[in-house]
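Only one structure is covered here, and it is reproduced in the block below.
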Amino acid sequence: MHDSKAEMANDMGVRRFGAVNWLGTWTLARREVLRFMNVWSQTIMGPLVNAGLFLLIFTIAIGPQRGDVMGVPFMEFLAPGILTMTVIQNAFANTSSSIASAKVGGNIVDTLMPPLSALELLVGYIAGAVARGMIVAVVITIGAVWLIGMPVAHPAWALTFVVLGSILMGALGMVAAVFANKFDQLSAITNFLVTPLAFLSGTFYSIEALPPLLQTLCHWNPFFYIIDGVRFGTIGISDSNPWLGLAVVLGCSAVILSVVWYWLKIGYRLKA
């Protein structure tokens, strides 16, 4: 009897799922997907309507007299920018709102207590952000191809930058949620950081039209490379080398994911 109790004590805290808790990671990822799919009219149809309104407003405001941009019709140039901006905003919102809601509601412990490592938590949250970004991208792409005939010149490039952009923005959403103690703070980060960076990264224009100083600043903005990469994947034209954009987005994603992983490991601003 004594030996049995000693063995039980020694087994406490030992992972029984092998090297990776696949079931736990899948369950967290599934929860994150179901969380936004349960309100699909807001998380899926809402972005589609907003993207359509952007295209409609620019069509009415500028009219048919607007010349080509980078050798393609303005609406074809504009559509990939609006698509990417919508994707990155939704990927950011998915992780930031999930963690912030759990913190504000006081139930973040329900996510931290299960036998999931920091890496497994990170993968679960990021999977939800990527799923939301991909669904939004597919829906808007179908609408853009159907309504304005947007081409898809290099599907692999477009898919790569949509996925990497969703990963990067999902990680940034986790950073924002870790620091935000209430929804007002999270809204401030979105309104004063994420939205301006998205708008000032070539969403509605080619950065070649900007003064040299602003062009230089744009090249320091990772959002620019995400949008430019998706634009290359759709219309086949970009402001910068897509391989450079790929390297920048991969590098930024690796740095931010590493920071978030470490914060999850030590429970930074999450554990009491």
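By convention here, the first residue in the shown sequence is residue 1.
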query = Taking atom CD1 of I226 and atom OG1 of T160, what is their separation to the nearest 0.5 Å?
reply = 13.0 Å

message = Take a 6.0 Å sphere around CZ of R30 and say whether it holds more than 12 heavy atoms from other residues, nucleotides or ligands.
response = no

ask   = When you look at Q185 and F179, which way does the side-chain contact (heavy atoms from CB on, under 4.5 Å) test go after all the steps?
value = CA-CA 8 Å; Q185 295 173 344; F179 279 101; over 6 Å; no

key: Sidechain-backbone polar pair: N21 side chain, P115 backbone, donor-acceptor under 3.5 Å   = yes

request  = Please check if the distance between the ring centroids of F204 and F199 is under 6.0 Å.
outcome  = yes

query = Does the Q215 side chain pair with the main chain of L210, one donor and one acceptor, at a distance under 3.5 Å?
reply = yes

inquiry  = Just verifying a value: how many Å separate F224 CZ and H219 NE2, rounded to the nearest 0.5 Å?
reply    = 4.5 Å

request  = For the pair V163 and I167, evaluate side-chain contact (heavy atoms from CB on, under 4.5 Å) and give the outcome as yes or no after the intermediate values.
outcome  = CA-CA 6 Å; V163 172; I167 292 173; 4.0 Å; yes

key: All side-chain hydrogen bond (donor to acceptor under 3.5 Å, both in side chains) counterparts of R35, not counting sequence neighbours   = S97

query = How many angstroms lie between atom OG of S201 and atom CG of N221, to the nearest 0.5 angstrom?
reply = 5.0 Å

Nearest heavy atoms of P47 and N90, plus distance in Å = CG-OD1, 3.4 Å

Test ring-ring contact (aromatic ring centres under 6.0 Å, His included) applied to F223 - qualifying residues, sequence neighbours left out = none

key: Test side-chain hydrogen bond (donor to acceptor under 3.5 Å, both in side chains) applied to S206 - qualifying residues, sequence neighbours left out   = D239

query = So, does K103 use its side chain to make a donor-acceptor pair with the main chain of I108 at under 3.5 Å?
reply = no

inquiry  = Testing L28, L257, T95 one by one against L122 for a side chain to side chain contact (heavy atoms under 4.5 Å, CB included), which residue passes?
reply    = L257

query = Does any non-hydrogen side-chain atom of F54 lie less than 4.5 Å from one of T86?
reply = no

key: Stepwise side-chain contact (heavy atoms from CB on, under 4.5 Å) test for I135 and F36   = CA-CA 11 Å; I135 293 173; F36 73 80; 3.9 Å; yes

inquiry  = Which residues pass the ring-ring contact (aromatic ring centres under 6.0 Å, His included) test with Y205, not counting sequence neighbours?
reply    = none

ask   = Which pair of heavy atoms, one from G165 and one from I88, lies closest together, and at what distance?
value = O-CG2, 4.3 Å

key: Inter-residue atom distance E76.CD - F74.CZ, 0.5 Å rounding   = 12.0 Å

Apart from M113 itself, residues in the same hydrophobic cluster as defined by side-chain heavy atoms under 4.5 Å = V109

task = Could you tell me which residues satisfy ring-ring contact (aromatic ring centres under 6.0 Å, His included) with F183, sequence neighbours excluded, listed by chain and number?
result = none

task = Considering non-hydrogen atoms only, spot the tightest contact between D228 and S238 and give its length.
result = OD2-CB, 3.3 Å

hydrophobic_cluster_shared for V136 and V49, side chain cutoff 4.5 Å = no

ask   = Is F192 reachable from V194 through a run of I, L, V, M, F, W or Y residues, each pair having side-chain heavy atoms under 4.5 Å apart?
value = no

message = Side chains of V87 and F161, heavy atoms from C-beta outward: is any pair under 4.5 Å?
response = no

query = Short question: side chain of T234, backbone of R231 - any donor-acceptor pair under 3.5 Å?
reply = yes

key: Distance (rounded to the nearest 0.5 Å) between L200 CG and L197 CG   = 7.5 Å

message = As an exercise, state the distance from CZ of F58 to CD1 of I82, rounded to the nearest 0.5 Å.
response = 6.0 Å

